[in-house]
Chemist: 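Handing you a structure now.
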Amino acid sequence: METEILLTLLVVAAAAVLFISGAVRVDVAAVFVTLALAWLGLVTPAQALSGFSSSAVIAMLSVMVLGRGLDRTGVTIRIARAIVGFAGIGERRLIAAASIVAGSLSAFMQSVGATAVFLPSLLRVSSLSGVPASRLLLPVGYAATLGGTISMVGAGTLIILNDLLSQQGYAPFGLFAVTPVGVPLLIAGIAFFCFFGDRVLPRREKVRLSPQEELIRTWCPPCVIFYLRVPAGSPLVGMTREAAHMISRYNLHLISLAERGEVVYTPWRYTRFAAGQELGILGHDPDVERFMDDFGLEWVRAGESTANVMADPNVGFAEVIVRPYGEIVGKTLRDLEFRVTYGVEVLILLSGTEEQRQNLADRPLQAGDAMVVLGRWERLRALATNRNFVLATPVEGRAGVRERGAPAAVLCFVAAVLCFVAAVGLTYTGLSIATSLLSGVLAMILLGVVPVGEVYRAIDWRTLTLIAGLLPLGIAMETSGAARFIADQTADLVAGYPTLLILVAVALLATAFSLVISNIAATVILVPLALVMAGSFGLDPRGLALLVGICTSNSFLLPTHPVNALLMGPGNYRPRDYIVPGSVMTVVFILIAVGIVSLLYF
C-alpha cells in the first residue's frame, strides 16, 4: 500500500471518530479534515479550499435562501395547515403524510431541493402540532433521499449513471426503470419511522432559546390558543366580550376573530359575536371547556382554523415597561381603551411585587409597571417608539411577512419551484443545479421577496462549512488512489462467490463510498468498475451498474449527505443522532435494493 493511500485512510478514520464521538463541533471537525489533508500534502492548497467555491455549497446556500423566501411569503403556513388539517397532530400520521409528500417531490427533483422546499413548512407543522422538529425532520429528510430512487431523474447519481452507460456503449435506462426499487424503499422508510420512530428519534428542543422563548419561560403566560366556532343557535351570537364576561368570569383572552377568511387580532371589547365566526382564545383547558359548554360553541380542529396565532410569523409576545412621568400613569387599561389604541392584549401585569393575571382592565397603571402583551409585530414596534413605554424585549418579527395578498411572492414561489424542477432537465444542457437555484435566489431578491440583508441571515454557515470542509476528502480519495485501491480489493475479495454475495458486497462498497466522498464521485468511480466486474463474473452489466447508482444514495449514517447536513441546524441534531436510525435504514436499503435488483436482472 502506498504512503498516500495509507495517510488518506487515516484521515478518513480520524474524521469518522470526530463525527461519531462529537468531541468537537461538526464544522470544526470538517475544517480539521481539510487542513490535515493540506498539511500531509494529500491535496494542494487550492484543492483544500475548493470546497468553499463548489457547486454543492452554492446549491446548499441557495436552497436556504429560497426556503426563507417561501417562509416569508406565507406559502409554508398554507402547506403546514394543509398537512396538519389532513393528518391531525399525531406524530405518526404527521410523519407519514409529510414523508409521502417529500418523497413524491424528490422523485422528480433533487432530494436537496425537495427538502429545502419542504423544510420551512415542516417547522410550521412542528409549531402547529407541538411535535418537536427533531421528531419530524429526520424521517422526512430520509424520505426525500429515498424518493430520489423512484425515477431516473430523481437523484444525480442516476442521471450520471445513464451518461456513464451511454459512454460505455450500453443502452440507458428508461425514466421509470428504477421505480420497482424506489417505491418499496420509500414505503419501507416511512413504515420504519411510523412504527419505530419513538425508539430511534431524538426528542430534543433548541438549546439556545430565542428572546420569545426566554420571555415565555420567565413569565409563563398562557401559550395555548384554542379555536372555537360560533354556531347559529349559540347564546353568544349578538353578545360582546364584555357581556360574555370572558375575562372576569372565565379568565380568557380573545386574541383573534376570523370571519369570511379575514382575521382581526385583539378585537375591540364591544365587537359583537356572529354565527360562523372563529374565536382564537388564550387560556387554560378547564376555563375554555366551561366557556364552550356555557355558550354551545364548537371545537375547530387543529390546523383547520383560519387564524393560527402561535404559528403566525406576524404575532409575538413582548415585555413592556411603563415609563415614569408618562401620560398614562394613573389611568386604567379601560380608560386608555388599550386594546383598540395599541392593538395588543395585556396578559400579565406586574406592579411592584404583585403579579396580576385577572381583572386587569380597572387597575391603574403605575410608573415601572411591567406588562406582558401579545400582538402583531407591527403593533409592538409602534409600542417601542411610544414615549409612554419601554420595550424590554427585542421585536423578532420580520417586516413584510405576508400570508395573504402577496401575488408577487406567490409568483416568485412558483418560479423558484420551476427552477428546482428545471434544474434536473437542464443538467443535460450544461446548466448546473447550483446555477439554477442561485437564479431563483436572484429572482426573489429582485422581486423584493427576500431583502438583501436577510439573505445572509438565512444561511446556516455551520452547515456550509461542514460540506465545504469534507469535499477535499473526496478529492484526496480519488487523487491518492485510495478509492481505486478499495474498489480493486473488494473485487478481488468477492471473486468466485455466489451472485447474491457479490451484489451485497457491491452495495456495501457503494454505501461506504457515499459516506466519505460525494455520491456523484462514488458513482463515477464505481460504475466503470461494476461494468468490468460484471464481465468477469458473467453478470448483467446494466443491472450491476444500476445497483451502484441506487446504493450511492444510501447515505443515512452520517451528516455528510447534503440532505442530512441541511437538517442539522433546524432539527438541532448531533452526529450521533444519525447513527441508530441511519444504521437500520442502511441495512433495510441494501436488503431491498439487492433483493429487487437480483430478481429483475440476475
Side-chain angles (χ1 to χ4, degrees), residues 210-223 225 240-257 263-272 279-284 287 307 309-310 312 314-399:
S210 68
Q212 282 287 288
E213 293 163 330
E214 289 283 4
L215 184 150
I216 292 171
R217 175 171 291 188
T218 301
W219 289 91
C220 299
C223 295
I225 301 284
T240 65
R241 182 173 61 175
E242 289 275 302
H245 304 289
M246 289 188 67
I247 295 180
S248 60
R249 184 175 299 171
Y250 299 97
N251 192 28
L252 299 177
H253 298 272
L254 181 63
I255 302 302
S256 68
L257 192 152
V263 181
V264 177
Y265 291 93
T266 60
W268 192 31
R269 66 174 177 269
Y270 294 124
T271 300
R272 295 190 178 276
L279 314 181
I281 296 175
L282 192 67
H284 299 285
D287 298 325
V309 179
M310 302 312 290
D312 192 334
N314 298 300
V315 178
F317 292 99
E319 182 180 339
V320 181
I321 310 296
V322 178
R323 282 183 182 271
Y325 310 112
E327 297 174 356
I328 65 172
V329 172
K331 297 182 180 180
T332 66
L333 299 179
R334 190 187 303 275
D335 295 336
L336 297 169
E337 294 187 332
F338 203 87
R339 190 175 296 102
V340 175
T341 304
Y342 301 106
V344 297
E345 180 81 8
V346 180
L347 305 177
I348 304 173
L349 175 63
L350 178 66
S351 184
T353 59
E354 182 181 356
E355 181 180 301
Q356 193 166 352
R357 296 175 180 247
Q358 300 180 16
N359 302 320
L360 306 178
D362 298 312
R363 175 75 177 263
L365 297 176
Q366 304 297 324
D369 282 358
M371 297 181 289
V372 175
V373 301
L374 175 70
R376 295 178 70 81
W377 290 115
E378 62 214 33
R379 292 288 195 165
L380 297 177
R381 286 191 182 88
L383 276 182
T385 60
N386 191 296
R387 61 183 180 179
N388 290 307
F389 304 103
V390 175
L391 206 60
T393 51
V395 176
E396 295 182 35
R398 302 187 298 272

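All residue numbers refer to positions in the sequence shown, counting from 1. Below, all heavy atoms of this structure are taken into account, side chains as well, without hydrogens, waters or symmetry copies.
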Chemist: Looking at every non-hydrogen atom in both residues, tell me the closest pair between P364 and G330 and how far apart they are.
Modeler: CB-O, 3.8 Å
Chemist: Are the side chains of Y250 and I281 in touch, meaning some heavy atoms are under 4.5 Å apart?
Modeler: no
Chemist: Which pair of heavy atoms, one from L349 and one from M371, lies closest together, and at what distance?
Modeler: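 Heavy atoms of L349 and M371 come nearest at CD1-CG, 3.5 Å.
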Chemist: Begin with the C-alpha distance, continue with both residues' side-chain angles, and end with the deciding distance and a verdict on side chain to side chain contact (heavy atoms under 4.5 Å, CB included) for R357 and I348.
Modeler: CA-CA 5 Å; R357 296 175 180 247; I348 304 173; 3.4 Å; yes
Chemist: Taking side chain to side chain contact (heavy atoms under 4.5 Å, CB included) as the definition, give me every residue that meets it alongside A382, ordered by chain and number, with sequence neighbours left out.
Modeler: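 By the side chain to side chain contact (heavy atoms under 4.5 Å, CB included) rule, A382 matches no residue at all.
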Chemist: By the salt bridge (charged side-chain N to carboxylate O under 4.0 Å, His left out) test, which pairs, at least two apart or in different chains, include something from residues 324-334?
Modeler: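 Matches after skipping sequence neighbours: E242-R334, E327-R387, R334-D362.
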Chemist: Kindly compute the distance separating CG (L383) from OG1 (T385), expressed to the nearest 0.5 Å.
Modeler: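 One gets 8.0 Å once the value is rounded to the nearest 0.5 Å.
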Chemist: Could you tell me the separation between the CG atom of L282 and the CD1 atom of I255, rounded to the nearest 0.5 Å?
Modeler: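 So the gap between those two atoms works out to 5.0 Å.
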Chemist: Please round to the nearest 0.5 Å and tell me the distance separating atom CG of L374 and atom OG of S256.
Modeler: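 Reported value, rounded in 0.5 Å steps: 9.5 Å.
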Chemist: So which heavy atom on A367 is nearest to which on P324, and how close?
Modeler: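 Residues A367 and P324, closest heavy atoms: CB-CA, 3.6 Å.
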Chemist: NE2/H245 to OG1/T240 distance, rounded to the nearest 0.5 angstrom?
Modeler: 8.5 Å
Chemist: Using ring-ring contact (aromatic ring centres under 6.0 Å, His included) as the criterion, list what pairs up with Y342, not counting sequence neighbours.
Modeler: F338, F389
Chemist: Would you say T393's side chain and A318's backbone share a donor-acceptor pair under 3.5 angstrom?
Modeler: no
Chemist: Please examine the side chains of V322 and Q366, heavy atoms only from C-beta on, and report whether any two atoms are closer than 4.5 Å.
Modeler: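 Heavy-atom side-chain distance check fails, nothing below 4.5 Å.
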Chemist: Between OG1 of T271 and CG of L257, what distance do you get to the nearest 0.5 Å?
Modeler: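 Taking OG1 in T271 and CG in L257, the distance rounds to 7.0 Å.
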Chemist: Do you know the tightest heavy-atom contact between T341 and R379?
Modeler: O-NH1, 3.9 Å
Chemist: Could you state the interatomic distance from CG (D369) to CG (L350), rounded to the nearest 0.5 Å?
Modeler: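 The distance works out to 7.5 Å.
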Chemist: List the atom of A384, the atom of L391, and the distance in Å for their closest heavy-atom pair.
Modeler: CB-CD2, 3.7 Å
Chemist: What pair of heavy atoms forms the shortest contact from L254 to P267, and how long is it?
Modeler: CD2-CG, 3.5 Å
Chemist: Determine whether L365 and L336 satisfy the following criterion, side chain to side chain contact (heavy atoms under 4.5 Å, CB included), listing intermediate values before the conclusion.
Modeler: CA-CA 10 Å; L365 297 176; L336 297 169; 3.9 Å; yes
